[in-house]
Every structure is written in structure tokens, then in C-alpha cells.
Asker: 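Let me begin by handing over the structure; questions about it come next.
Throughout, numbering of the chain's residues begins at 1 and tracks the sequence.
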Amino acid sequence: MTASNDAAFPAARPRRLRRGPALRRLVAETRVLPQNLVLPMFVKEGITEPVAISSMPGQVQHTRDSLRKAAHEAAAAGVGGLMLFGIPAHKDERGSGADDPDGIVQVALRDLAAEVGDDLVVMADLCLCEYTSHGHCGPLETGGNVDNDLTLERYASVAAAQAEAGAAVVAPSGMMDGQVAAIRAGLDRAGFHQVPILAYAAKYASAFYGPFREAAEGAPQFGDRSGYQQDPANAREALREVALDVAEGADMVMVKPGLAYLDIVAKVAESSPVPVSAYQVSGEYAMIEAAAERGWIDRERAIVETLTSYRRAGAEQILTYWATEAALLLR
């Protein structure tokens, strides 16, 4: 829509609609609702008290008990969903803990599904980086590269284990070629035809994941993930990745990170036939918390403003570590 040429100042006064908070609320084009928010959570095997994450003030690695408590708080606040990450006590080359029925993430999924599964959507991040001794997202070939096709077999097994444990949605984040098709086939073989896939379809090799490495204890022991995550310079590639994932059976797609990639969120939202999520990642959280602690920005306003920017760009779900707090702010 182009601006009309027949109305100019003083007849045209856009500020009329900015006079007072009630009027601004009435004409707001974009709204963030609690049910738009998904809370990422970390649960760690073998601890008796929550462990503070130093680079993410206010966030912890949960015990099973503290995880349940935080999940109930999120549900009471009206949060739409949870995304669970597991940290096992033992790791190996193939990430065996990821599909172990008695592994920490499966045990925790059963807890969450039983206690809050009727109130919000319990999702499971599906990757191997937290479970492998080398910290990469799948088994390795000779030479140290991730074996894409062997990884697909592992992902299919992990998906079935997570669904069996009660995950309402599985969310593959490894950026392996063909991962959605392999997971869909694995779920269907195991009888979980109704379990949706939220594909991390456009996940970039970003500097903004730094604090997450501490939180999930999944940093690569050598090299980096630029061989399978996307180059931050590329936009068309994101659209191709999304189209491939949708064609393979993705029920929802995600862009990660969000704030530095709002143009990608907008492009994906314009073209995607399925719901679009975006992840407000650990580095974004840490930057705002650090600046607010120094008194440089208004913390609550910055939280709501950044979440609004995600919705304005077209994200229908937002993964954010502030989900519970933000849900209360947005009421």
C-alpha cells in the first residue's frame, strides 16, 4: 500500500494515534501473547540441586524436581510450550544416551508429559551434540567429519524414543541433509504417525550460541559446526532448506538465531505453508541481561521489544529463555 498524496500535514497527523497507552494498545499492529512463547529448559543427570549457568543469569541446569516445578510455573503463566534439552552423566562416540529409554531426557519427558502435558506442548530437541563425547551432532567418519547418513539412522531412533517417552513434538536441530524424512519414517514405523516435527530448518553457524555451550555442555571438542550449519552470509539457502524440510514432511519450521536473522524470519514467513518459529538464543539473552545489569538499557522493555520484533517479522512461535517472565509481563 502506498501513502495517499491527497492528505498531507496539517490534515494528516499520524501522532493522533499515539496519544496515550490505551490508544496505542488499541491500534497496535503486532501483539505477543503468552501462548506464542516456548521455554527452552535444560535437565542434567546426576545432580541434586539446580546448577546456575554463569553466562545466562537466572537460568539453570535443572534436576528432575526443579524441572517439574519450573514447568508448572510456565504452564500457570500461560506459556505455549517447553523445549527440553538433556545433559547425560556419560557420553560416547555415538551419543547412546540420546535414545536410551532410561536416559535423562526420556525420563524427564515422561515427568513433563504426565504433569503438564495437558496444559502446554512438551517438545524435545532432537540432536546428538549433548550426548557425544566429541560434541558434534552425529557419529563421525574417519577424518572427523560428521557422517550424514549414519546420523540419520540415529536421529530416527532418537525420535521414536522421545515420542515413546511422551514428547508431543520432536525438533531436529542437527541440520543433516534428509533428517526430516528419516525422522518421519522412523516415527511412522514406530506407530507415532500423529507426532509432529518442528524442523530447525534454517539454523546458522552463529557466534550467538556461546552461552548455550555452557548450558548444554555440548561444545565441539574440535573444529566447529560450519560444515553442516548454514553460512550467516546466505539467505536464499535458508529458503531452500525450508522448502526441502517441508517437502520431507516437516509440520513446522524454525529459524535460529532470531534477532540477527529477522530478515530470514520474514522471508520464511512469507513463503512457508507451515507455522514458523524463531529461537531467541542464549547470546541474545546474555547481551540484554548484561546490559541491563550495568544499567545501560531498560531490561523489561528490551525483552518485550525484541519479542515483538520476532512477531512483527512473522514468527508464530518464539523460543525464549524469558518465556515464563515475559508471559506474565504480557498479560
Asker: Can a donor-acceptor pair be found, under 3.5 Å and without considering hydrogens, that links the side chain of Gln35 to the backbone of Gly80?
Answerer: no
Asker: Return yes if a side-chain donor-acceptor contact under 3.5 Å exists between Asp99 and Tyr131, otherwise no.
Answerer: no
Asker: To the nearest 0.5 Å, what is the distance between CD on Glu45 and CD1 on Ile87?
Answerer: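 Glu45 atom CD to Ile87 atom CD1 measures 10.5 Å (nearest 0.5 Å).
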Asker: Are Arg184 and Asp188 within salt-bridge range, i.e. N to O under 4.0 Å?
Answerer: yes
Asker: Closest heavy-atom contact between Ala250 and Val180?
Answerer: N-CG1, 3.4 Å
Asker: Among residues at least two apart in sequence or on other chains, which ones pass salt bridge (charged side-chain N to carboxylate O under 4.0 Å, His left out) with Glu237?
Answerer: none
Asker: Nearest 0.5 Å, please: how far is CD in Glu73 from CD in Glu325?
Answerer: 12.0 Å
Asker: Under a single-linkage definition using a 4.5 Å side-chain heavy-atom cutoff for Ile, Leu, Val, Met, Phe, Trp and Tyr, are Tyr155 and Val146 assigned to the same hydrophobic cluster?
Answerer: yes
Asker: Could you please spell out the steps behind the ring pair (Phe, Tyr, Trp, His ring centres under 6.0 Å) verdict for Tyr209 and Tyr204?
Answerer: CA-CA 10 Å; Tyr209 302 148; Tyr204 285 85; 9.5 Å; no
Asker: Under 4.5 Å side-chain heavy-atom separation, chaining through any Ile, Leu, Val, Met, Phe, Trp or Tyr, what else clusters with Leu33? Say none if it is isolated.
Answerer: none
Asker: Test your reading of the model: is there a side-chain donor-acceptor pair from His134 to the backbone of Glu93, 3.5 Å cut-off?
Answerer: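 At least one qualifying donor-acceptor pair exists.
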Asker: Going by atom types only, do Ser55 and Glu214 share a side-chain donor-acceptor pair under 3.5 Å?
Answerer: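 Checked: Ser55/Glu214 side chains pair up, N/O donor to acceptor below 3.5 Å.
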Asker: So with a 6.0 Å cut-off around CZ of Arg301, is the heavy-atom count from everything else above 12?
Answerer: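 Not more than 12 within 6.0 Å, no.
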Asker: At what distance, to the nearest 0.5 angstrom, does CZ of Arg299 lie from CD1 of Ile297?
Answerer: 9.5 Å
Asker: Going by atom types alone, do Glu284 and Thr306 pair a side-chain donor with an acceptor below 3.5 Å?
Answerer: no
Asker: For Arg13 versus Pro10, what's the shortest heavy-atom pair and its separation?
Answerer: NE-O, 3.1 Å
Asker: When clusters are formed by joining ILVMFWY residues with side-chain heavy atoms under 4.5 Å apart, either directly or through shared neighbours, do Val195 and Leu112 land in the same one?
Answerer: no
Asker: Hey, is the main chain of Glu141 close enough, under 3.5 Å, to the side chain of Asp147 for a donor-acceptor pair?
Answerer: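 Flag not set: sc Asp147 to bb Glu141 has no pair under 3.5 Å.
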Asker: What closest approach, in Å, do Ile53 and Ala215 show between heavy atoms, and which atom pair accounts for it?
Answerer: CD1-CB, 3.5 Å
Asker: Is Leu39 reachable from Leu37 through a run of hydrophobic residues whose side-chain heavy atoms are each under 4.5 Å from the next?
Answerer: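 No, it is not one cluster - the side chains of Leu37 and Leu39 are not joined through contacts under 4.5 Å.
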Asker: A side-chain contact here means heavy atoms from C-beta on lying under 4.5 Å apart; do Ser206 and Val281 qualify?
Answerer: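 In short, these two side chains do not touch, never coming nearer than 4.5 Å.
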Asker: Please work out which of the three classes, parallel, tilted or perpendicular, describes the rings of Phe212 and Phe85, given edges at 30° and 60°.
Answerer: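 Phe85 vs Phe212 ring planes: perpendicular.
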Asker: Where is the tightest heavy-atom contact between Leu262 and Ser309, given as atom of each residue plus distance?
Answerer: CD1-OG, 3.6 Å
Asker: Kindly give the heavy-atom pair with the smallest separation between Pro232 and Ala205, and that separation in Å.
Answerer: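 What the structure gives for the nearest pair is CG-O, 3.5 Å.
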Asker: Step by step, would you call Cys137 with Thr151 a side chain to side chain contact (heavy atoms under 4.5 Å, CB included)?
Answerer: CA-CA 8 Å; Cys137 297; Thr151 300; 5.9 Å; no
Asker: How about Lys91: does its NZ atom have over 12 heavy atoms from other parts shown lying under 6.0 Å from it?
Answerer: yes
Asker: Treat each ILVMFWY residue as a node, draw an edge where side-chain heavy atoms are under 4.5 Å apart, and state whether Val170 and Val122 are in one component.
Answerer: no
Asker: Is Arg236 atom CZ crowded by more than 12 heavy atoms from other residues, nucleotides or ligands, each under 6.0 Å away?
Answerer: no
Asker: How are the rings of Tyr285 and Tyr321 set relative to one another: parallel (under 30°), tilted (30 to 60°) or perpendicular (over 60°)?
Answerer: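 Answer is perpendicular, since the angle exceeds 60°.
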Asker: If I take atom OG1 from residue Thr30 and atom OH from residue Tyr310, how far apart are they, to the nearest 0.5 angstrom?
Answerer: 15.0 Å
Asker: Tell me if a side-chain donor or acceptor on Gln106 pairs with a main-chain N or O of Ala98 at a distance below 3.5 Å.
Answerer: yes
Asker: Locate the shortest heavy-atom distance separating Asp102 from Val107; write the atom from each residue and the value.
Answerer: O-CG2, 3.6 Å
Asker: Quick check: does any side chain N or O of Lys203 sit under 3.5 Å from a backbone N or O of Ser173, one acting as donor and the other as acceptor?
Answerer: yes
Asker: Within the supplied structure, the quantity of interest is the number of heavy atoms (other residues, nucleotides, ligands) at a distance under 6.0 Å from Glu49 CD; does it exceed 12?
Answerer: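 Counting neighbours around CD of Glu49, 12 or fewer heavy atoms of other residues, nucleotides or ligands fall under 6.0 Å, so no.
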Asker: Once you round to the nearest 0.5 Å, how far does CG of Asp125 lie from CD of Glu130?
Answerer: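 Here the rounded value is 5.5 Å.
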Asker: How far does CG of Leu109 sit from CD of Gln162, to the nearest 0.5 angstrom?
Answerer: 6.0 Å
Asker: Can you confirm whether Arg331 is buried at CZ, in the sense that more than 12 heavy atoms of other residues, nucleotides or ligands lie under 6.0 Å from that atom?
Answerer: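 Yes, because the 6.0 Å sphere around CZ of Arg331 holds more than 12 heavy atoms from other groups.
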Asker: Take atom CZ in Arg31; do more than 12 heavy atoms of anything else shown fall under 6.0 Å from it?
Answerer: yes
Asker: Going by side chain to side chain donor-acceptor pair (under 3.5 Å), Trp322 matches just one of Glu289, Gln59, Gln280, Glu300. Which one?
Answerer: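 Of the listed residues Glu289, Gln59, Gln280, Glu300, the side chain to side chain donor-acceptor pair (under 3.5 Å) partner of Trp322 is Glu289.
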Asker: Look at the side chain of Arg64 and the backbone N and O of Asp111, then say whether any donor-acceptor pair between them is shorter than 3.5 Å.
Answerer: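 Absent.
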Asker: Are there over 12 heavy-atom neighbours, none belonging to His90, within less than 6.0 Å of that residue's NE2?
Answerer: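 Result for NE2/His90: open.
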Asker: Report yes or no: do Val32 and Ile303 belong to one cluster of Ile/Leu/Val/Met/Phe/Trp/Tyr joined by side chain heavy-atom distances under 4.5 Å?
Answerer: yes
